[in-house]
Amino acid sequence: MHVPGIVFASEALLASAAEDRALDQVANVAHLPGIVEASFAMPDIHWGYGFPIGGVAATDVAAGGVVSPGGVGFDICCGVRLLRSALSEADFRAHRDGIMDQLDRRIPRGLGKGAIASRALLVDVLERGAHAALEAGFGTERDLDRCEEHGRSAGADASSISERALLRGGGQLGSLGAGNHFLEVQVVDRVVDPAAAKAFGLVEGAVTVMIHCGSRGLGHQTCTDHLRTMGAAMARHGISVPDRQLACVPVGSAEGRSYLAAMAAAANFAWANRHILAHEAREAFAAGSGIALSDLEMDLVYDVAHNLAKVEVHHVEGTPKELCVHRKGATRAFGPGHDALPEDLRRVGQPVLVPGSMGTASWVLRGVEGNPAFGSAAHGAGRVMSRKQAQRTESGRQVRADLESGGISVRPGSVKLLSEEAPYAYKDVDAVAEVCERAGLAARVARLRPLGVVKG
DNA sequence: ATGTGC
């Protein structure tokens with residue numbers, strides 16, 4: 001190990017991580033060439049491909065530091081977008097079935113399914129992200145201001161995306177996908193930090209919409225493609241790692257630059273994907289409630305990724321260095337004053353969106369000063385139960401009945417997949433948020449409680 | 001996560 005492994009967790013949260021070998025992965029990551037400070041893991045750590053999910057690792061670009069696709073994940077630029085609204089919980093309940101039916105009809109979802117936008121938009125989206133979607137008539141200019149990277153990752157090169165990836169992604173632009181991806185109608189349940197909540201546009205009792213999805217088959221194929229070429233190139237660069245799933249090459253190498261260009265293009269697909277879905281959600285709310293779009297005030301709070309590698313400047317032992325920061329199932333969490341934040345949020349810190357599992361709460365946190373993990377925080381609840389195990393515990397029908405009896409309206413794409421995403425299959429998101437705060441990763445702002453779930 | 005495999 002070049003550096004130590006550091007896991008931010010409580011004993012209760014750590015118990016499940018130890019079982020599934022995620023801690024071995026933290027140690028493996030510490031062997032990556034050029035890694036600085038530590039191999040970090042967030043409180044929602046669980047086992048993943050090569051890196052643990054919840055893993056954060058930064059490598060020194062000038063010192064031959066590497067980039068590793070396993071440190072980004074298969075779902076490149078998977079992330080979360082949160083919209084606020086002027087509706088109260090009572091307003092929503094008065095129009096609930098109409099809105100949920102509109103969402104059901106308008107939000108494409110499920111394995112291999114899509115899409116809202118035309119295939120013709122694909123190449124433009126890969127190069128320019130949400131900007132291309134905006135020009136095609138989706139969303140608003142302001143949406144771009146409230147999106148990490150302005151909804152457009154720099155250095156994207158559509159020509160580094162394979163034909164096969166284009167084929168898979170072409171029909172999926174504007175779609176949710178499956179698994180733990182969702183669109184959820186929520187209500188602000190509790191405000192912990194009133195000043196920050198106000199700056200984010202969040203009011204206790206108001207309805208919000210959270211969208212969790214990524215780059216679909218296009219990102220998955222892109223990861224697969226580059227893992228293969230990287231695996232072959234490693235020997236040429238004289239790199240050996242304790243796990244072949246940690247395939248990596250120097251950031252500055254031809255293979256490294258090619259991966260980062262393809263990763264940025266796939267990220268642009270994901271930014272645009274969430275941008276388009278948010279547009280569709282607004283339309284569904286207006287159509288389902290009969291309330292004018294302008295009165296709904298469904299403004300974007302923020303959109304932030306939790307599966308990306310980015311070259312950022314951070315201080316290492318007092319000197320600023322260009323680092324390739326891998327966040328794999330970890331949310332960027334920049335503190336107050338950071339120039340990457342929109343001006344009206346710069347005093348408060350970046351909104352950090354932490355979705356819980358289906359049917360449980362989600363959290364909005366804010367970035368704080370002195371974050372010990374290159375400006376990163378948790379990204380969700382994290383699994384405690386395998387998909388198989390969850391399926392055996394309760395049927396999808398039962399899970400649905402449980403949610404409905406708790407007053408949560410459900411529109412599943414597949415009832416069978418619903419069982420894999422049951423609340424008991426995940427860690428306690430309240431505990432994850434609390435540990436984030438106590439570890440100085442981010443501070444709690446507001447808790448969101450689900451009212452309606454749209455899933456793949 | 002994912003047209004659930006090399």
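All chains are named by letter (A, B, ...) in the order of the sequence lines, taking the proteins before the strands, and each is independently numbered beginning at 1. Every value quoted in this text rests on a predicted model; they were computed, and no experiment measured them.
In this structure, A/His220 atom NE2 and B/dT4 atom C1' are separated by 8 Å, rounded to whole Å. Atom P of nucleotide B/dT2 and atom CG of A/Asp75 are separated by 6 Å, given to the nearest angstrom. Spacing between atom OH of A/Tyr49 and atom P of B/dT2 amounts to 17 Å, rounded to whole angstrom units. For the pair A/Lys455 NZ and B/dT2 C1', the computed distance is 15 Å after rounding to whole Å. Look at CG on A/Asn273: it is 10 Å from P on B/dT2, rounded to the nearest Å. Going from atom NE2 of A/His181 over to atom P of B/dT4 covers 17 Å, rounded to whole Å. When the C1' atom of B/dT2 is taken as reference, atom CZ of A/Arg109 falls 18 Å away, rounded to whole Å. Rounded to an integer number of Å, the gap from A/Gln221 CD to B/dG5 P is 14 Å.
Below 30°, between 30° and 60°, or above 60°: for A/His46 and A/His379 the angle between ring planes is below 30°, a parallel geometry.
Taking the six-membered ring for Trp and the full ring otherwise, the centers of A/Tyr302 and A/Phe200 sit at least 6.0 Å from each other.
Looking at heavy-atom distances under 4.0 Å, A/Gln172 makes contact with sugar-phosphate atoms alone, never a base. Among the protein residues, A/Arg387 comes within range of the sugar-phosphate backbone only, with heavy atoms under 4.0 Å from sugar or phosphate atoms but none that close to a base.
For A/Thr224 and A/Gly179, each mapped to the nucleotide of DNA chain B holding its nearest heavy atom, the one lying further toward the 5' end belongs to A/Gly179.
Screening residues 249-267 of chain A for salt bridge (Lys or Arg N to Asp or Glu O under 4.0 Å) gives A/Arg236-A/Glu255 as the qualifying pairs, with residues at least two apart or on separate chains.
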Between side-chain atoms of residues 1-13 of chain A and protein atoms elsewhere (two or more places apart, or another chain), which donor-acceptor pairs fall under 3.5 Å?
| from | atom 1 | to | atom 2 | distance (Å) |
| --- | --- | --- | --- | --- |
| A/His2 | NE2 | A/His31 | O | 3.3 |
| A/Ser10 | OG | A/Leu13 | N | 3.2 |

